[in-house]
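Scroll down for the structure; my scribbles are underneath it.
Below, read A as the first sequence line, B as the second, and so on, with proteins coming before strands; counting in each chain starts at 1.
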There are 2 protein chains.
Amino acid sequence: MEKHPFTCSISQLAKALDITTRTIRFYEEKGLITPDRTPGNQRIYTRKNRARLKLILRGKRFGFSLDEIAEMIGMADTDLTEIDQIQKSLVFGDKKLEQIRQRRQELDLLEEEILATRQTLITRIEQLKEKE
Amino acid sequence: MEKHPFTCSISQLAKALDITTRTIRFYEEKGLITPDRTPGNQRIYTRKNRARLKLILRGKRFGFSLDEIAEMIGMADTDLTEIDQIQKSLVFGDKKLEQIRQRRQELDLLEEEILATRQTLITRIEQLKEKE
DNA sequence: TAAATAGTTAACGTTTACGTAAGTTGTAAG
DNA sequence: CTTACAACTTACGTAAACGTTAACTATTTA
């Protein structure tokens, strides 16, 4: 196996994901990512770190707090030797899936609501144009 | 038309939506809802107010800030006489629809990710059970 | 090798979204 | 009428999620 060479610095990663370096370091403080270091103590990020960060940002866009995201990630990082631990993670993951499905329904409602408003507006515009 | 009698007090509304009265008053401060008052200056909420509040909470669950939600509501409250204003609202609504569709895609990704992790865990459990 | 650029930690500042407490007024029950 | 409870306003407090600045070190570039 290779030691895939797709690494980058903190500022490169920040630019790629359109966030600040402060944000990345903050997530590290919270234990959400743990990049390797160069001999000079500078952070280096792999594709894996990058994927992890994207997952974090995605979670945030759905209103999950960093603590909740930390939990989800905890699941992803499960030590695959302890069978009890694995089963707990499964239960946790299923709970999250439940939540996600609920969110999807709410997303539909939100869309409906906006579409309805849209229709009202369009109808109104047509009425106004006829009156001219 | 009736003056539909489906009104309630702030604490009733809070209980119904499982939030605190403080939260409701806070949203009012921010201009997100403007209930009528009794002669004694107490807030009364109609079905419409209630629907509005639900919309706010739904938006929050998708990581929209209160300011963003205020914008969305601004669209819903458009003064239907100014044709320019209506058209602006339409454009704004379409932007929000774009965002919502993006969120849906991300939701799918999130679900995939969890399902993949789930599969890994299940496979691992089976392996461990065979070894017994 | 020197200068410019980028990265590091530490610590204090800021914004958002409420929580909480104090003191006052409305309203329903006895 | 008064007791009790709910609602009102005002204001200070707080946790989360970063922003900003300072003082220092590593790395790249001339």
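- Checked by atom type, the side-chain pair A/Thr123/A/Thr120 shows no donor-acceptor distance below 3.5 Å.
- Checking the phosphate oxygens (OP1, OP2) of D/dA17, no side-chain nitrogen or oxygen of A/Thr23 falls inside 4.0 Å.
- Rounded to whole angstrom, the span from the NZ atom of B/Lys60 across to the C1' atom of C/dT16 amounts to 9 Å.
- Atom-to-atom, OH of A/Tyr27 to C1' of D/dA16 comes out at 11 Å; the value is rounded to the nearest Å.
- Contact between the side-chain N/O atoms of B/Thr38 and the OP1/OP2 oxygens of C/dG26 is not found at any separation under 4.0 Å.
- Following rounding to the nearest Å, B/Arg37 (CZ) and D/dC8 (C1') show an atom-to-atom distance of 8 Å.
- Nearest to the side chain of A/Ser65, among D/dA17, C/dA17, C/dG7, sits D/dA17.
- One can find a donor-acceptor pair under 3.5 Å joining the base of C/dT20 and the side-chain atoms of B/Arg22.
- Atom-to-atom, CD1 of B/Ile19 to C1' of C/dA17 comes out at 12 Å; the value is rounded to the nearest Å.
- Rounded to whole angstrom, the span from the CG atom of A/Leu53 across to the P atom of D/dC18 amounts to 11 Å.
- Closest approach of B/Ile73 to B/Ile56, counting heavy atoms only: CD1-CG1, 3.7 Å.
- For the pair A/Arg52 and A/Tyr45, the cation-pi test (distance below 6.0 Å, angle within 45°) is failed.
- Across all strands, B/Thr21 comes closer than 4.0 Å to no nucleic acid atom at all (heavy-atom distances).
- Residue B/Ile69 contributes atom CD1, which lies 13 Å from atom P of C/dT16 at whole-angstrom precision.
- Taking side-chain N and O atoms only, B/Thr20 has a distance below 4.0 Å to OP1 or OP2 of C/dG19.
- At a threshold of 4.0 angstrom between heavy atoms, the contacts of B/Arg43 are confined to the sugar-phosphate backbone, with no base atom among them.
- When only modelled atom types and interatomic distance are considered, B/Asp67 and B/Ser65 share no side-chain donor-acceptor pair under 3.5 Å.
- For B/Phe26 and A/Gln12, each mapped to the nucleotide of DNA chain C holding its nearest heavy atom, the one lying further toward the 5' end belongs to A/Gln12.
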Yes or no on side chain to side chain donor-acceptor pair (under 3.5 Å) for A/Ser11 and A/Thr21, after CA distance, side-chain angles and deciding distance? CA-CA 6 Å; A/Ser11 60; A/Thr21 59; over 6 Å; no
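- At the heavy-atom level, A/Ser9 lies under 4.0 Å from the strands shown only through sugar-phosphate atoms.
- With rounding to whole Å, B/Ile44 atom CD1 is found 16 Å from C/dG26 atom P.
- To the nearest angstrom, C1' of C/dC18 lies 11 Å from NZ of B/Lys30.
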